[in-house]
2 protein chains.
Amino acid sequence: MIRVGINGYGTIGRRVANAVSSQDDMIVVGIVKTKPDYISEVASRRFKIFVPDSSYMKAFQDAGIKVEGTLDNLLDDAEIIVDATPEGMGEKNKPLYIKKKAKAIFEGGEEPDVAETSFNAYSNYNDAIGKSYVRVVSCNTTGLARTLYPIQQAFGVKHVEATLIRRATDQNDSSKGPINAVEPSLKIPSHHAPDLKTVMGNIDVNTVAIKVPTTLMHVHVVQVDTEKNASNDGVLEAWNNYRRIIHVKKDDGIKSTAQIMDLAREFGRDRSDLYEIAIWEGSVSAKANRISYIQAVHQESDVIPENVDAIRAMFNLADKEKSIEKTDKSLGIEKRVY
Amino acid sequence: MIRVGINGYGTIGRRVANAVSSQDDMIVVGIVKTKPDYISEVASRRFKIFVPDSSYMKAFQDAGIKVEGTLDNLLDDAEIIVDATPEGMGEKNKPLYIKKKAKAIFEGGEEPDVAETSFNAYSNYNDAIGKSYVRVVSCNTTGLARTLYPIQQAFGVKHVEATLIRRATDQNDSSKGPINAVEPSLKIPSHHAPDLKTVMGNIDVNTVAIKVPTTLMHVHVVQVDTEKNASNDGVLEAWNNYRRIIHVKKDDGIKSTAQIMDLAREFGRDRSDLYEIAIWEGSVSAKANRISYIQAVHQESDVIPENVDAIRAMFNLADKEKSIEKTDKSLGIEKRVY
């Protein structure tokens with residue numbers, strides 16, 4: 001049983017904690033929280049709570065939430081830390097992990113050079129085997145890697161153009177905009193294109209990112225120039241072998257991201273998450289050597305299976321197929337068409 | 001002075017009424033309203049009010065708004081009707097215009113075959129000369145035609161791929177969604193691609209449309225494969241000769257559609273409209289024979305100058321350059337960079 005600590009218990013951290021707890025080869029030995037808020041209160045019923053350093057203890061004592069110790073103490077017990085702290089803090093935390101001889105997983109908000117390799121289970125599981133520092137790429141990059149890898153395998157990829165229509169912020173965050181506007185990122189390519197290369201080799205890709213006022217999901221309009229000619233059926237077939245991709249249909253009433261997330265609630269999963277990338281089947285068009293499609297990404301949860309797989313790879317607990325199968329089974333990810 | 005009637009005084013109709021009133025070679029002889037609402041009340045101070053038929057009169061009388069007569073009466077006086085009624089009604093109204101021997105302009109919500117030609121001032125002014133029935137293409141198609149025509153002239157167009165991130169509805173409409181979701185149109189190409197061909201010949205174009213919860217503007221991510229190689233400066237230079245295109249910069253604080261519409265308010269125009277298509281200068285990228293850019297479209301007003309030009313073409317009052325220059329001068333459209 002790999003002993004896992006979770007540093008940071010926000011959108012990603014709490015979901016990773018739940019997913020790790022659902023595995024039979026790893027266990028959560030503690031989580032690090034900074035504030036004794038409602039999230040800490042609920043978490044304390046299930047996990048041991050640690051704080052970054054002793055200066056944080058009094059607030060938790062005042063709130064009546066038991067604290068087991070500091071991050072330093074957690075690192076004495078944990079073999080690996082999943083660092084889900086806010087963007088850029090992972091890099092600052094890394095020297096402590098090195099000093100305490102703990103492996104660490106970083107999330108997509110960190111720069112790629114924080115780790116020995118970036119990670120997506122489908123596209124480069126093997127790169128993480130035996131490594132000490134691994135970065136799981138962001139929700140958007142994960143979404144692109146998931147659906148492009150099968151296309152790359154089946155048809156070869158010459159060039160990718162993707163427009164990412166990004167949700168402004170998460171559901172529990174009211175501090176960010178836009179509220180009534182559309183905001184393009186004028187850094188082109190957006191950071192997603194170079195990020196994708198960290199897990200898909202030197203793929204030729206351009207990404208344009210546009211923020212819109214919604215909280216549910218990102219939507220990607222993807223166009224791929226392939227080496228070999230493809231057909232609609234061929235593309236759907238290529239994706240069919242990958243459980244972390246699902247197909248949805250307008251004919252079934254799934255018109256927008258609102259219905260996709262409503263469908264996810266029907267699955268009865270932790271936090272009503274959708275780990276899979278959802279592709280609108282009616283959007284898929286393959287003509288000669290050009291494939292187009294539209295997909296939706298649940299930014300809060302699509303990287304969660306990847307965090308579990310990264311742990312397995314880093315401790316060489318299982319090969320790619322075996323790890324993905326175990327993770328999927330534990331999280332209820334199975335072949336589905338809607 | 002061409003005598004113009006306006007049938008329908010909603011988002012487009014009231015703006016056309018104002019624009020026509022600003023010309024020295026045409027005059028508004030009346031507008032048709034269906035309800036005695038606040039818009040009728042304000043309009044009655046400036047324009048003669050007509051109703052579709054006599055059954056509508058009592059409601060206006062009860063509200064104390066003077067009615068001059070019916071659409072039939074207006075058609076006795078008007079030489080041309082701008083039909084800005086809701087989508088699909090223009091086609092039903094057409095037999096009456098034919099019977100009363102009035103020319104008519106239809107808007108982009110109608111099917112192309114309602115008219116002898118579709119119309120964009122830059123790309124096909126001459127097609128409307130002397131015609132009796134002309135259709136001004138929709139706001140999105142106008143936006144595409146405006147910025148693609150200069151590229152076509154300068155570099156030739158082999159293929160266009162555009163992702164249209166569409167505002168859900170207009171500011172004064174609370175009946176439509178989405179409210180918190182992203183909704184792709186799964187009819188691909190969206191209706192914009194065939195619509196663009198009605199004003200730009202047989203241009204090879206694909207469009208994907210995605211609705212997002214905002215009311216201010218549409219945003220287009222456009223990619224053009226050109227015949228000749230282009231440079232960033234060359235593309236900006238090509239657009240520079242066209243006043244109905246403006247360049248905006250993130251460095252000047254224009255990050256999203258919210259700031260663009262705020263900038264428009266500074267111009268002091270009727271209804272704070274932005275007739276021009278706004279291109280983010282930082283989004284423009286020309287490499288070899290591929291040009292990419294991001295533009296924003298004020299859906300309520302970008303077609304207004306085109307309605308005025310269409311009237312001039314249909315009565316052969318001026319050639320293309322002369323009409324565009326007159327319209328632009330009257331509406332305050334001048335060369336600007338921000």
Side-chain angles (χ1 to χ4, degrees), chain A residues 159 161-168 171 177-190 206-223 248-251 254-262 279-285 287 290 292-297, chain B residues 159 161-168 171 177-189 206-223 225 248-251 254-262 279-285 287 290 292-297:
Chain A
H159 178 73
E161 279 288 332
T163 298
L164 285 53
I165 296 106
R166 300 177 66 188
R167 64 89 184 93
Q171 289 194 54
I179 301 304
N180 181 16
V182 179
E183 183 175 311
S185 164
L186 297 177
K187 188 172 162 290
I188 299 172
S190 62
N206 183 45
T207 51
V208 178
I210 310 269
K211 272 193 203 161
V212 300
T214 174
T215 59
L216 299 180
M217 305 184 88
H218 303 296
V219 168
H220 300 169
V221 178
V222 186
Q223 182 191 303
V248 295
K249 292 180 187 170
K250 191 180 180 182
D251 294 346
I254 303 186
K255 281 170 60 180
S256 79
T257 54
Q259 291 85 35
I260 294 177
M261 288 314 297
D262 195 51
I279 296 173
W280 271 284
E281 204 170 290
S283 75
V284 179
S285 163
K287 279 182 201 148
R290 177 165 285 184
S292 305
Y293 57 98
I294 305 176
Q295 66 182 18
V297 172
Chain B
H159 178 73
E161 279 288 331
T163 299
L164 284 53
I165 297 105
R166 299 177 67 188
R167 64 92 183 91
Q171 289 194 56
I179 300 306
N180 180 17
V182 179
E183 183 174 311
S185 164
L186 297 177
K187 191 174 160 290
I188 300 173
N206 184 44
T207 51
V208 177
I210 311 270
K211 271 194 202 160
V212 300
T214 175
T215 58
L216 299 179
M217 303 184 88
H218 303 296
V219 169
H220 300 169
V221 178
V222 186
Q223 183 191 305
D225 294 333
V248 296
K249 292 180 187 170
K250 190 180 180 181
D251 294 347
I254 302 185
K255 282 170 58 182
S256 80
T257 52
Q259 290 85 36
I260 295 177
M261 289 314 297
D262 195 49
I279 296 174
W280 271 284
E281 203 169 291
S283 75
V284 178
S285 163
K287 280 182 200 148
R290 177 165 284 184
S292 304
Y293 57 98
I294 304 176
Q295 66 181 20
V297 172

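Values below: every heavy atom of this structure, side chains too, minus hydrogens, waters and symmetry copies. Every chain is numbered from 1, with letters handed out A, B, ... down the list of sequences.
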- Item | chain A contact via B:Ile294 - which portion, at a heavy-atom distance below 4.5 Å | side chain

- Top contributor to chain B interface from A:Met217, A:Met261, A:Gln223 [non-hydrogen pairs under 4.5 Å]: A:Gln223

- May I ask you to name which of A:Ile260, A:Asn206, A:Val219 has the most heavy-atom pairs under 4.5 Å with chain B? A:Val219

- Query: Between A:Arg166 and chain B, which part of the residue has a heavy atom less than 4.5 Å away: side chain, backbone, both or neither?
  - Reply: neither

- Query: With a 4.5 angstrom heavy-atom cut-off, which part of A:Val182 approaches chain B: side chain, backbone, both or neither?
  - Reply: both

Would you give the length of the straight line joining atom [atom1] of [X] to atom [atom2] of [Y], rounded to the nearest 0.5 angstrom?
X: A:Lys250; Y: B:Lys187; atom1: NZ; atom2: NZ; result: 9.5 Å
X: B:Leu186; Y: A:Lys249; atom1: CG; atom2: NZ; result: 12.5 Å
X: B:Asn180; Y: A:Ser256; atom1: CG; atom2: OG; result: 9.0 Å
X: A:Arg290; Y: B:Glu161; atom1: CZ; atom2: CD; result: 5.0 Å

- Identify the two heavy atoms, one from B:Ala181 and one from A:Thr214, that lie closest to each other, and give their separation to 0.1 Å. N-OG1, 3.3 Å

- Task: Indicate yes or no: at least one non-hydrogen side-chain atom of B:Ile210 is less than 4.5 angstrom from one of A:Thr163.
- Result: no

